There are 2 protein chains.
Amino acid sequence: MTHSPAGTETLLPGRGRRAGRKPTIHDVAEAAGVSKSAVSLAIRNQRGVSEATREHILNIAQELGYRSNVWARSLVQGRTGLIGILLQDLGNSYHRDVTAGVEDAAVENDLRLVIGHGRRDAKRLQAELDSLLALGVEGVVIVSSWVPPQYLEKIGKRVPVVVVGRLPEPVSGIDTVANRDEIGARQAVEHLIELGHTRIAHLTGSARPAAMHRRGAFSELMRRLLPGVDPQVEGPEQLEAAIRYLVFQIQEEKGAPTAVFTQNDRVAADLVGASLDAGLRLPEQLSIVGYDNSSVCRMLRPQLTSVDQPRSRMGQMALEMLSERITGRTEDKHVTIAPNLVVRESTAPPRS
Amino acid sequence: MTHSPAGTETLLPGRGRRAGRKPTIHDVAEAAGVSKSAVSLAIRNQRGVSEATREHILNIAQELGYRSNVWARSLVQGRTGLIGILLQDLGNSYHRDVTAGVEDAAVENDLRLVIGHGRRDAKRLQAELDSLLALGVEGVVIVSSWVPPQYLEKIGKRVPVVVVGRLPEPVSGIDTVANRDEIGARQAVEHLIELGHTRIAHLTGSARPAAMHRRGAFSELMRRLLPGVDPQVEGPEQLEAAIRYLVFQIQEEKGAPTAVFTQNDRVAADLVGASLDAGLRLPEQLSIVGYDNSSVCRMLRPQLTSVDQPRSRMGQMALEMLSERITGRTEDKHVTIAPNLVVRESTAPPRS
DNA sequence: ACATTGTTGTGGAACGTTCCACAACTGTTT
DNA sequence: AAACAGTTGTGGAACGTTCCACAACAATGT
């Protein structure tokens, strides 16, 4: 098993194939009776060898199970063809869809994707990013708002970077592609107003950029569209308590909100659960709008009305921008994409 | 921006640092006034240089922003320190948790993880696997039952492989670590019987190995524990139709099942939705048990009773087995881990 | 005085590939 | 016949590292 058959041994000056080692370009060259250069040309499909010899070489290579060594190749070429994508959290449909978009565009551009996994932990995220850079990626797509801006700026100087999502503050030297949260928020609020709601609350469980944008847009809209009505904006602190209080209000008080625009589907799902536990009838007593249009929307009852982001498109854009950077663009570029509302069962006119 | 400041230029025989290029070990050596070998020893923390010179070298390296080139290193060492993990589907909490386990064990064993993403597509899965091998991984963890056995066997000859999950048929040369579906099924069925159920159905939406094991174990158990009762086993064909029919039965017929053990949480969620849509009261009219203990369990109402698999533990085991293989073990090894039931609101005694 | 041993350091040869300058042919044009 | 151009192929020098054999020197024992 570990010995190579005696028949393939050779006594030529360049040592024969070592037993148990992977075949190299030399082995193929020797077996085919040509130079290593010829083999190199043949496997890369470059001109410089005749059609006949190319075929011959390819056959031998196939037979020997030869596979070119990426490391040696990129060592001499000075490029790896690798690009990294840093995810905050696998197991999140948003990230999966963005990744799928990046992947599709990557094969298009003849780049290979290496996934880094940060696991909602800033320390780990940075370690993972370092590790990607050590691997020699030529660019990085970051799908996370957990990377500190000053670190981001440092990375941006070493390698092209595109961030998918909002940044807490602008960072020079890197590109971004983001969902236009203010448009998503507007669609949600306008939908609720059209249904006849006037007392609308917002529920958020985070102070990160995307959440803050949705929240800001919500307040702004309420001020403009329903002047005189005090815009109810809950939390971010103690989401659970905020939900309990909100449900309590709706059960007990006149003038309580009749609709809630939530920061994302997770928060919406918690609110749906708490409402049902408290015996509220949905959507009659409370309309709920989520954000993300994740797979849970269709699992819940009532099925969740939610704002959909064109995730895989965002991923595609991100990779295209990265590839532009790699091939020379130097000025920063920021793209935003409009989301759109998917109406399901969790929104209805308020009880008159 | 692209010029290096004139002051750093040098005329020593070994050409000075090239503008715009990343610094190499030579550059550091030159700047520190030592040989490249000394630098190599210093950065790898090996003995052979005095503490004083090591510190000096490390300072210079830091200053120059030197980072060792992984490609060159692994070219000469003949090993990459990379191991691949092939996922069927990012954005799935099961895969995320297994991956987390593998990752933790990987840093432990000083290996770096490269994630490959198959996207529920056998063709793509294989391409991804090839790409991992081309990258030079020293072993592969496969979390997917979509890879054909004969292909698996071929891969197993090239590189150590551990499969997390069930295989449709045994494959020699590769290891597996699996959840003991028959134990999970038993816990679910015994729980339902204890509650007083006798008419129990099984609902499955797939013919893949894990699903078939759960189904087989279910039938077997019902035969043994409730002899005389005809074990109801639904589909896999047309899951949606099966769900509709099941719900119809429960509404209309005496002798319909009072409890359902489902293949996984997704199927359970669909069943919960359809039941509620049909006006059934849960869990009074129907008890439901899921499998996977995913995050949706706590989002649904009633909250879902489900079988939990020790996922990250499975990932850990997988990597440890892989690492054993890499360092020499040749005989196959198959490990199974017992799951356990998490009882929530979706199971209750049947109406008497 | 001479071995012996240990520490600190060196320069050259790998590793497997691509790139480059050039050689050996075969035609074609002057 | 000489000059030129095109095709096919070659061997050696990179690429940035680690590994290895050995050198220089100091400390120790006989």
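Values below: every heavy atom of this structure, side chains too, minus hydrogens, waters and symmetry copies. Just so we're on the same page: letters track the sequence lines, and every chain starts at 1. All figures in this text were calculated on a predicted structure; none of them were measured in a lab.
Within the 4.5 Å cutoff, the side chain of B:V141 has no heavy atoms near those of the B:L86 side chain. Proximity of A:N92 to A:H95: side-chain heavy atoms (C-beta onward) are separated by under 4.5 Å at one or more points.
Side chain of B:L75, nearest nucleotide from C:dT18, D:dT18, D:dG16: D:dG16. For B:V34, whose side chain is taken as the heavy atoms from C-beta onward, the closest listed nucleotide among C:dT17, C:dC19, C:dT10 is C:dT10.
The overall bend of the helix from C:dA1-D:dT30 to C:dT30-D:dA1, read as the angle between its terminal helix axes built from five base pairs each, is 60° when rounded to 10 degrees.
For A:S37 and D:dG11, a side-chain-to-base donor-acceptor distance below 3.5 Å is present, hydrogens and geometry of angles not being considered. Within 3.5 Å, no donor on the side chain of A:K22 pairs with an acceptor on the base of C:dG16, nor the reverse. Taking only distance into account, the side chain of B:K36 never meets the base of C:dG9 through a donor-acceptor pair shorter than 3.5 Å.
Using a 4.0 Å cut-off, some side-chain N or O of B:Q77 falls inside it from OP1 or OP2 of D:dC19. The phosphate of C:dT18 (OP1 or OP2) has a side-chain N or O of A:S40 nearer than 4.0 angstrom. Taking 4.0 angstrom as the limit, B:S68 places none of its side-chain polar atoms (N or O) nearer than this to OP1 or OP2 of D:dT17.
Of the charged side-chain nitrogens involved, at least one lies within less than 4.0 Å of a carboxylate oxygen, so that B:R119 and A:E103 count as a salt-bridged pair.
When A:V159, A:I174, A:I85, A:L322 are each tested for a side chain to side chain contact (heavy atoms under 4.5 Å, CB included) with A:V140, only one passes: A:V159.
Shown here is B:Q46, whose CD atom has more than 12 heavy atoms of other residues, nucleotides or ligands within 6.0 Å. Enclosure of atom CD in B:E55 is not indicated, since only 12 or fewer non-hydrogen atoms of other residues, nucleotides or ligands lie within 6.0 angstrom.
Contacts between residues 41-60 of chain A and DNA chain C, counted as heavy-atom distances below 4.0 Å, involve A:R44.
A donor atom on one side chain and an acceptor atom on the other are found under 3.5 Å apart for B:S323 and B:N109.
When each of B:S35 and B:A72 is assigned the nucleotide of DNA chain C bearing its nearest heavy atom, the one mapping closer to the 5' terminus is B:S35.
Nucleic acid contact class of B:S74 (heavy atoms, under 4.0 Å, all strands): none.
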